[in-house]
Novice: 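Attaching a single structure in structure tokens format; questions to follow.
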Amino acid sequence: MASLMQSRLPINQDLLLMQKGMLMRKVRSKCWRKLRYFRLQDDGMTVWHARQEGGNAKPTFSISDVETVREGHESELLRSLAEEFPLERGFTIIFHGRRANLDLVANSVEEAEVWKRGLWHLMDFVNGMDQQERLDQWLSDWFQRGDKNQDGRMSFQEVQRLLHLMNVEMDQEYAFHLFQTADTSHSGTLEGEEFVDFYKALTKRAEVQELFENFSADGQKLTLLEFVDFLQEEQKEGERAPDLALELIDRYEPSESGKLRHVLSMDGFLSYLCSKDGDIFKPTCLPIYQDMTQPLNNYYINSSHNTYLVGDQLYGQSSVEGYIRALKRGCRCVEVDIWDGPSGEPIVYHGHTLTSRIPFKDVVATVAQYAFQTSDYPVILSLENHCSWEQQQVMACHLTEILGEQLLSTTLDGLLPTQLPSPEELRRKILVKGKKLRTLEEDLEEEEEEELESELEGEQEADPEPEAQLESEPQELSPRSKDKKKEKVVMCPLFCPPTCCEVMVQAPFSKPKSLLFPKQRSKPILCPSLSALVVYLKSVSFHSFTHSREHYRFYETSSFSETKAKSLIKEAGNEFVQHNAWQLSRVYPSGLRTDSSNYNPQELWNAGCQMVAMNVQTAGLEMDICDGLFRQNGGCGYVLKPDFLRDAQSSFHPERPVSPFRAQTLLIQVISGQQLPKEDMSKERSIVDPLVRVEIFGVRPDTTRQETSYVENNGFNPYWGQTLCFRVLVPELALLRFVVKDYNWKSRNDFIGQYTLPWTCMQQGGPVLHPLADTPALAARLTLSSRPPPGYRHIHLLSKDGTSLHPASIFVHINIREGLEGDEC
């Protein structure tokens, strides 16, 4: 089996050395650093390790699992061990999803370079693979697992074991018949192409074969006209079907003669259905397709809560890795909790807890490096500032020096804006969200005065003010409304303790002694240099929607706990919608979520809340919903809100949605599943009993779920053929989540895989199959009597971490009808 990949993989000296194996040190912590023997397998696609050369080896990772490889100096852990292990000998393997990084230290710089170059070479190869090559790699991985004695051959006993690993329960006589048919060399074992033939016999898709024959006159191929008919009638491709048919034949037909004759074989037809072109996600929604020139408040913004944490909220590790992962997955708003640190350097951690601490300057440097690797659209730094005056000055210095031109420190054109700028206008800019001493109007006024003063300096000399007067003059805070009495910000007394972060806000005073014993309530002190970096995102306290309308400006933003936000939606849902049409809102998880669990963001999106902050380190239903929404629009982290959530006069109420919003009916036929994985690979003899659950998340009346019955002992190619029906009032806000579960009558069903996407990003077909079509043959007969025939899509499943479970998928039909009429449901 390895020979299939080896024939395509360009071998170089680095890969040959990796296949011989090398002893390297695996580092998990400052205390856990153990020698392990790492070796690239002969297939060139998997790395195994053992305690020593010649020891019992076990798989470590597949090349397809690797996202990138970093240098030793980029690893927090390896940097902490730099005195013991030179950074040039270290490197870090980063995996897709939430899998922990693998830090390794080689015995020499040369050996480290061999592995880094080799891994990059293999990653480039994997990223350039076509669909068939990815399938070959998947088969190669399974062959490696099944070939227990690693002799490059598969005996029938090993095949039986492999079938259980692959979730296949099959009659032994039939399995042996398939084995003998594939064993063309009559060696009693399967090798390379023989194993591929055995797999093809296992994966023959009866439901796809019958669909193919429904459109093929001879049952052997689809002519160009026959394929055009299929695309128009089934996949609803319309007038572009003739041109698209030629493109798809050229893309998916495996034989050159078929391409020349413009015909599609059964293999080509199946390749198309399993490809991105046959995917449930509408291709036009994958790139950036939305208008990105509207004000920021018109978008949902992918947001992270306590981004520095990679674990729980009480004892978890703080790490710049949290920012790297959040930014790489498309987050555009990240949170930074800053406190006074040793040696005058601010630190980042979850205050008053036992979470570890990281330097603020490291966080800023990480944001500068990774902010725009995934998306060019603006990044918001949400600062939770708990620092003293002196360390706030250090913060401002780090922000300006490290971020440089990336940092937005004044309005785009230097003029007073009338609305928030757009993501397009703020491309590759980092914005600071936080408290501000004055209004934006006053900042711009002062800038104009400074420019005027600098011009006058050339004409006349200004009288110098006495130094004492300059020091004692208090700063003025501007009123939020003209009739509000002016207040003054008073500097801290000289004898104030270093931890002081309070400022006295009071009426103008005449006696200096009032400085020492102020009776007025104190407020946190703000350093002017840090305050000046807050431009479009000034944090203000929320009192009421009326208060916000009367006193706040469009560039001022409020934060709400999930509890407060949900309460406001119930009490004044329409007012919340109108509020979010002109001002930004940020919602954060309850302080009781010490385990870093998440809340359902959909409820907050329904009210138009833009920055719904999530604990992105925690996988689960809530993060599936979040990832599902932001999967569209190029994964850029900004999604345009529906028009009725962008209207400051909107009558929409998320708890009581009514007309004129257009309702729709969704019919889904869940047909079959393919290569569903096991949740627990250690249970070799167990076979999953899969069922499919379809969940709708949207406004409260639309939120529902339905599921199929389970198929007993078949995770390899289960067939359901069941139709589910949903009626949805506000499709613009709805998301669909397809979940495959392993039925367990004793306890909770085990998770197998899922896929979540916005309702508006679904591809659909024509009328659905008859609900009684519970076998492939009956389904085919009923299809012939239904005009036009239905369309078909594959849903490619993702793991709990959101990584691909290729080639695991479910085959469905999707049909959306306008209105709620009809008795299908």
Novice: Quick one: pull up CD in Gln313 and CZ in Arg593 and give me the separation to the nearest 0.5 Å.
Specialist: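 It comes to 10.5 Å.
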
Novice: Mind checking what makes side-chain hydrogen bond (donor to acceptor under 3.5 Å, both in side chains) contact with Asp801, not counting sequence neighbours?
Specialist: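 With neighbours one apart ignored, the set is empty.
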
Novice: For Arg99, check salt bridge (Lys or Arg N to Asp or Glu O under 4.0 Å) against everything at least two apart and list the hits.
Specialist: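 With sequence neighbours excluded, Arg99 shows a salt bridge (Lys or Arg N to Asp or Glu O under 4.0 Å) to Asp65, given in chain and number order.
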
Novice: List in chain and number order the residues that pass salt bridge (Lys or Arg N to Asp or Glu O under 4.0 Å) with Glu321, two or more places apart in sequence or in another chain; answer none if no residue qualifies.
Specialist: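 Applying salt bridge (Lys or Arg N to Asp or Glu O under 4.0 Å) to Glu321 gives Arg70, Arg325.
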
Novice: Apply the test side chain to side chain donor-acceptor pair (under 3.5 Å) to residues Glu210 and Asn214: give CA-CA distance (whole Å), side-chain angles for both, the deciding distance (0.1 Å), then the verdict.
Specialist: CA-CA 6 Å; Glu210 292 181 25; Asn214 287 341; over 6 Å; no

Novice: Go through it in stages, so that I can follow the logic: the residues are Tyr252 and Asp277, the test is side chain to side chain donor-acceptor pair (under 3.5 Å), and I'd like the CA-CA distance, side-chain angles, deciding distance and then a yes or no.
Specialist: CA-CA 10 Å; Tyr252 299 112; Asp277 291 296; 2.4 Å; yes

Novice: Quick one: OG on Ser799 to NE2 on His806, what's the gap to the nearest 0.5 Å?
Specialist: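 These two atoms lie 14.5 Å from each other.
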
Novice: For Met762 and Leu666, which heavy atoms make the closest approach, and how far apart are they?
Specialist: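 The pair with the smallest heavy-atom distance is CE-CD1, 4.2 Å.
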
Novice: Which is it for Thr760 and Glu732 under the side chain to side chain donor-acceptor pair (under 3.5 Å) test, yes or no, and what are the steps along the way?
Specialist: CA-CA 6 Å; Thr760 53; Glu732 296 93 334; over 6 Å; no

Novice: Testing the basics here: between Leu735 and Thr756, what is the closest heavy-atom pair and its distance to 0.1 Å?
Specialist: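 In this case the closest contact between Leu735 and Thr756 is CD2-CG2, 4.1 Å.
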
Novice: Please check: side-chain N/O of Asp742 versus main-chain N/O of Asp689, any donor-acceptor pairing under 3.5 Å?
Specialist: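 At least one qualifying donor-acceptor pair exists.
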
Novice: Which residues pass the side-chain hydrogen bond (donor to acceptor under 3.5 Å, both in side chains) test with Asp595, not counting sequence neighbours?
Specialist: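 With neighbours one apart ignored, the set is Ser597.
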
Novice: Can you see which heavy atom on Met266 is nearest to which on Arg205, and at what distance?
Specialist: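 Scanning both residues, the minimum pair turns out to be CE-O, 4.5 Å.
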
Novice: How far apart are the C-alpha atoms of Gln664 and Glu818, what are their side-chain angles, what is the distance that settles it, and do they pass the side chain to side chain donor-acceptor pair (under 3.5 Å) test?
Specialist: CA-CA 5 Å; Gln664 293 181 340; Glu818 299 299 329; 3.2 Å; yes

Novice: Return the set of residues passing ring pair (Phe, Tyr, Trp, His ring centres under 6.0 Å) with His796 (not counting sequence neighbours), or none when no residue passes.
Specialist: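 Applying ring pair (Phe, Tyr, Trp, His ring centres under 6.0 Å) to His796 gives none.
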
Novice: Salt-bridged, Asp627 to Arg329, with N to O below 4.0 Å?
Specialist: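 Yes, charged N to carboxylate O under 4.0 Å.
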
Novice: Return yes if some donor-acceptor pair links the side-chain N/O of Thr703 with the main-chain N/O of Gly698 below 3.5 Å, else return no.
Specialist: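 Yes; at least one donor-acceptor contact below 3.5 Å.
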
Novice: Considering only residues two or more places apart or on different chains, which pairs with a residue in residues 268-287 satisfy ring-ring contact (aromatic ring centres under 6.0 Å, His included)?
Specialist: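 Those involving residues 268-287 are Phe212-Phe269, Phe227-Tyr272, Phe230-Phe269.
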
Novice: If the condition is ring pair (Phe, Tyr, Trp, His ring centres under 6.0 Å), which residues does His49 pass it with, not counting sequence neighbours?
Specialist: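 Here the qualifying residues are Phe38.
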
Novice: For Phe176, give me all partners under ring pair (Phe, Tyr, Trp, His ring centres under 6.0 Å), at least two apart in sequence or on another chain.
Specialist: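 By the ring pair (Phe, Tyr, Trp, His ring centres under 6.0 Å) rule, Phe176 matches Phe156.
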
Novice: Can you list the residues that meet the side-chain hydrogen bond (donor to acceptor under 3.5 Å, both in side chains) rule with Glu707, with sequence neighbours excluded?
Specialist: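 If we apply the side-chain hydrogen bond (donor to acceptor under 3.5 Å, both in side chains) test to Glu707, skipping adjacent residues, the hits are Arg693.
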
Novice: To the nearest 0.5 Å, tell me how far Leu691 CG sits from Thr708 OG1.
Specialist: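 Going from CG on Leu691 over to OG1 on Thr708, the span is 5.0 Å.
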
Novice: In chain order, what residues pass the salt bridge (Lys or Arg N to Asp or Glu O under 4.0 Å) check against Glu622, with sequence neighbours excluded?
Specialist: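 Testing Glu622 for salt bridge (Lys or Arg N to Asp or Glu O under 4.0 Å), a comparison that skips the adjacent residues, returns none.
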
Novice: Tyr289: what forms a ring pair (Phe, Tyr, Trp, His ring centres under 6.0 Å) with it, not counting sequence neighbours?
Specialist: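 Expected list: none.
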
Novice: Residues two or more places apart in sequence or in another chain: which of them pass salt bridge (Lys or Arg N to Asp or Glu O under 4.0 Å) with Asp267?
Specialist: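 Per chain and number, Asp267 pairs via salt bridge (Lys or Arg N to Asp or Glu O under 4.0 Å) with no residue.
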
